[in-house]
Structures are given as C-alpha cells and as structure tokens.
Amino acid sequence: MQERLAALGLGRIADKLDAGKRLSLEDGVRLFECPDLLALGWLANREREKRHGGRTYYNFNIRLEATNVCVASCLFCSFARIKPGDPGSYTMTLEQTWDKLRERAHQPLTEIHVVNGLHPDLPFEYYTEMLRGFKRIRPGIHLKCFTAVEIAFFADLYEMTDAQVLRELQAAGLDSLPGGGAEIFAERVRRKICHDKCGTERYLEIHKTAHRLGMRSNVTMLYGHIETKEERVDHMLRARALQDETGGFQAFIPLAFHPDNNQMRKLPGPSATETLRVHAVSRLMLDNIPHVKAFWIATGVEVAQLALWFGVDDLDGTVQEEKIYHMAGARTPEAMTTSAIRRLIRIAGREPVERDTLYNVVTGPEAPDEVAALVQ
Ligand code: V47
C-alpha cells in the first residue's frame, strides 16, 4: 500500500497521518482529486479503526418535524411551505407532537430529534412546552432539538440573545443540538442557496455557546450541489477549528443533496462514489471530531454499508417518519428497526453497538454464537 500511495502522490499525507499531524486545505483537496477511491478508503478506514476498531454506532430514535411552515427560501429544500395555509403546509398542535412519543411508549427509545421550519407566528412557549411535555411523558429521553438556524430565528423573532434562547430551552429540557443548517460554510455558496437564514459565523457561535452551556452538538455538511472541493475542505476546517476551542461536537455528518421537488432539481445529486469520497475525506481531515456519521436515509442503505469501510463509524438511528429527505426524493425506507440496523451492520462486516445520544453504550456487539443468526 505504501508504494501505491506514493505513486498516487499521497505519500506525504500518509506520513502526516502516521505521525498524528493534521492535514491542510491543500491535502484535503488532493484527497478529493485522488483517482484511486480504494486507496483513499484504505487511509480513512485506518483512521476509523484507530478510534473505533470495527464498532459501528446507531441509536434508537424518532424524528419529528412539528411544522413545515418556513420563512426561509433555501433552494435545496423540498420540505418547507412558505406560509401557514399554503397547500401541503402543516403545524402540529402540542398534543399531536406529544402523541408521537406516547404512541411509542412500548419502544425503548433514547432520543427524539426535532427539526422544524422557521414558523413566523408561533409563540416561544410552543417550543418550551413541547420540550417540557416530552420530558413529562418520558423523563429519561434525550431531546436533540432545533438547529442553530432555528435558535438564531427564535432569538430574532422573540427579541432575545442566542444565549438566552439556549438557556431557556435548556431549562425546559433541551439536551443537545442537531447539526442541521450548516449547508456549506463558504459565503459564495450560502449567498446562492440559502441567503436568508443564519450565516456561518452565527451558526458556529451558537454551537460554541451551546457547548459552553454544557450541551453537545453535531455538525453537518450538505454536499453534491454547487460547492467546490475547496469549499468542502474549508467547511471541514472551520468545524475543526471550533472543535479545537470547545470539544463539543460529537459527530460530523455529510448530507447527500437530494434534488427532487426543489429549486435545484436540475442538478443530478452526488454519485455513490462521491458519497464514499466525502465521508472518507471527512474522517481524514477531522482529527478532533470523534465520529463520522453516514445518515443512511440520505446516502441509501447500501452506500451507508460501504461507507463503514470509508471512515464512517455511525449510522444515526431508527429515525421513523422522516420527511425532509423523502419529500426530496429519497427512496430509502422511512424507518428501520433496531434488528434491521444491527443486521445491515453485521452483513457489512462490522460490529453493531447501540449507543445513546452521548455515545454511552446501550447494547454492545453480539456474543460470537449470536452473530450467525444475525447475518443469515
Ligand atoms: O439542515 C434539506 C438538509 C438538514 C435537503 O445532527 C437536505 O444527528 C439533502 O441536519 N437534500 C436536516 N439534504 C437534517 C439534519 C440531520 C440529519 C441527520 C442527523 C443529524 C444530527 C442532522 O437536511 C438540513 C439540510 O442541510 N436538507 N433538504 C435536500 N433536498
């Protein structure tokens, strides 16, 4: 492999990784340009295995989108309906949001992941009461709710600082922030695809504040549309720089762009090889973020399985009732049982580990005599 890497011009990068040195912007671009996907995968897998061996994490969660009313006009979004009352728009009552949890009283869920549109008319209490209600129904559940973009919107709408919003939500039960809304940090791309929502500096500042308040969060990257290789690497470096300061990011999640039913529908969306490449480069650039997640709903199940050999160690969760990707053309199932996730991880040659949101182990890998039953 050393000779193969040297012939590809990746010898110096491999040496840096061996020495535990960080990769630069130029290194990242070179990795994106490498024609040998398997050599890139080999390097990323080595970093993955140094941190996690063959372990592959997932969690038992549900996804809830309480409203798709949204004042932002992101070109890639197929989910948002601009005004209340527009065809296809909906806003759940609080009872309806709580019912989503009550209906699953029999399931050993550990997390609810809430992402909403930016609704201009709801009171702040809608969100705080939603969180309080979830905790009343299930005190032990982890609430991973509201992207940094939603936090910024709340602060502007309800005339609070970002820190006040986070503190009040935390007092109502918020445990961590999901990584949505990051898209691509480069100004050139943001101006074109999501000009009217929270910018990069504020997104990062909100995560920094959340970390300072003791919450963990994730960071995403929407790829496969108009961004360049340099802009992808720049995005990773900005996440890495914040992580150096706070250590609060748990996972980096590349999100594959889906082109159906949105204003960027003329674009083809990323290929499977591009998806593997993006996850591999993420693992190699982000030496300080513990987990690289393939969101199986976005990548497709088979590509997510392959990605487990290209730097990925996490597959998100059971999800259940996802809307954002399915309205944008995803053909993956909307839900997965925990046994289906464990099986697909095993079939891919990795060890399934159920985690909670903070990566505490809930159910470890099977004993050797149970493995055969899983992969039949
Ligand atoms: O912010 C919207 C993306 C995100 C499309 O933190 C699209 O654990 C592709 O952030 N094609 C929401 N992507 C989902 C998200 C997420 C998912 C899984 C896990 C976590 C986590 C976070 O979905 C949005 C946006 O970047 N998105 N539309 C589309 N057409």
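Counting starts at 1 for both ligands and their atoms, following the listed order.
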So, H235 versus Y223, ring centres under 6.0 angstrom or not? no
As a test of understanding, state which of V278, T275, T299 forms a side-chain contact (heavy atoms from CB on, under 4.5 Å) with P254. V278
H211 (side chain) donor-acceptor with E245 (main chain) under 3.5 angstrom: no
Tell me whether ligand 1 is touched by L222 - counting only heavy atoms on the residue side and a distance under 4.0 Å. yes
Test item: R240 side-chain N/O and L286 main-chain N/O as donor-acceptor pair under 3.5 Å: no
Atoms of ligand 1 close to N218 [distance to a heavy atom under 4.0 angstrom, numbered from 1]: 6 (O), 8 (O), 21 (C)
On the ring face of W309, is R350 found with NZ or CZ under 6.0 Å from the centre and within 45° of the axis? yes
Sole residue of T246, L204, L166 in side-chain contact (heavy atoms from CB on, under 4.5 Å) with T209: L166
What is the closest protein heavy atom to atom 4 (C) of ligand 1, and at what distance does it sit? L255 CD1, 3.8 Å
Near A328, which atoms of ligand 1 are under 4.0 Å from a heavy atom of that residue? 30 (N)
Does the residue K144 have a heavy-atom contact with ligand 1, meaning some pair of atoms that are separated by less than 4.0 Å? yes
Shortest protein heavy-atom distance from atom 10 (O) of ligand 1, along with the residue and atom involved: G180 CA, 2.9 Å
G181 heavy atom under 4.0 Å from ligand 1: yes
For Y325 and F79, what are the C-alpha separation, side-chain angles and deciding distance, and is it a ring pair (Phe, Tyr, Trp, His ring centres under 6.0 Å)? CA-CA 8 Å; Y325 282 85; F79 170 70; over 10 Å; no
How does D316 reach ligand 1, by side chain, by backbone, by both or by neither, if only non-hydrogen atoms under 4.0 Å count? side chain
Heavy-atom distances under 4.0 Å are what count here, so tell me which part of R63 touches ligand 1: side chain, backbone, both or neither. side chain
Around atom 11 (N) of ligand 1, find the nearest protein heavy atom and jot down its residue, atom name and distance. H258 N, 2.8 Å
Mark yes or no for whether D36, through its side chain, and A39, through its backbone, hold a donor-acceptor pair below 3.5 Å. yes
Identity and separation of the nearest protein heavy atom to atom 3 (C) of ligand 1: Y325 OH, 3.5 Å
Is there a heavy atom in T147 that sits closer than 4.0 Å to ligand 1? no
Atoms in ligand 1 flagged as close to K293, the criterion being non-hydrogen separation under 4.0 Å: 8 (O), 21 (C)
Centroid separation under 6.0 Å, is that true for the rings of F154 and F146? yes
For a salt bridge (Lys or Arg N to Asp or Glu O under 4.0 Å) check, start with the C-alpha distance between R63 and E65, then their side-chain angles and the critical distance, and finish with the verdict. CA-CA 7 Å; R63 179 73 167 271; E65 292 101 353; 3.4 Å; yes
Can a donor-acceptor pair be found between the side chains of T56 and R48 at a distance below 3.5 Å? yes
Just one of R355, Q320, R104 clears the side-chain contact (heavy atoms from CB on, under 4.5 Å) bar with F60, so which one? Q320
Taking H142 for its side chain and I112 for its backbone only, find out whether a donor-acceptor pair lies under 3.5 Å. no
Heavy-atom distances under 4.0 Å decide this one: backbone, side chain, both or neither, for A256 against ligand 1? backbone
For ligand 1, which atoms have a heavy atom of N262 less than 4.0 angstrom away? 30 (N)
Suppose we measure from atom 16 (C) of ligand 1 to each protein heavy atom; which comes out shortest, and what is that distance? H113 CE1, 3.9 Å
Aromatic ring proximity F252/H291, centre distance under 6.0 Å: no
Sub-4.0 Å atoms of ligand 1 with respect to non-hydrogen atoms of I253: 6 (O), 8 (O), 19 (C), 20 (C), 21 (C)
Considering heavy atoms of the protein only, find what lies nearest to atom 2 (C) of ligand 1 and give residue, atom and distance to 0.1 Å. I324 CG2, 3.5 Å
Ligand 1 versus V149, non-hydrogen atoms closer than 4.0 Å: side chain, backbone, both, neither? neither
Backbone, side chain, both or neither: what part of F76 comes under 4.0 angstrom of ligand 1, heavy atoms only? both
Which protein non-hydrogen atom lies closest to atom 25 (C) of ligand 1, naming both residue and atom, and how far is it? E183 OE1, 3.4 Å
Any chance the side chains of N59 and E111 put a donor and an acceptor closer than 3.5 Å? yes
Looking only at protein heavy atoms, identify the closest one to atom 6 (O) of ligand 1 and say how far it is in Å. G179 N, 2.8 Å
Applying a 4.0 Å heavy-atom criterion (strictly less than), which segment of F79 is in contact with ligand 1: side chain, backbone, both, or neither? neither
When you measure from the heavy atoms of M327 to every atom of ligand 1, does any distance fall below 4.0 Å? no
Which bit of P178 gets closer than 4.0 Å to ligand 1, counting heavy atoms only: side chain, backbone, both or neither? both
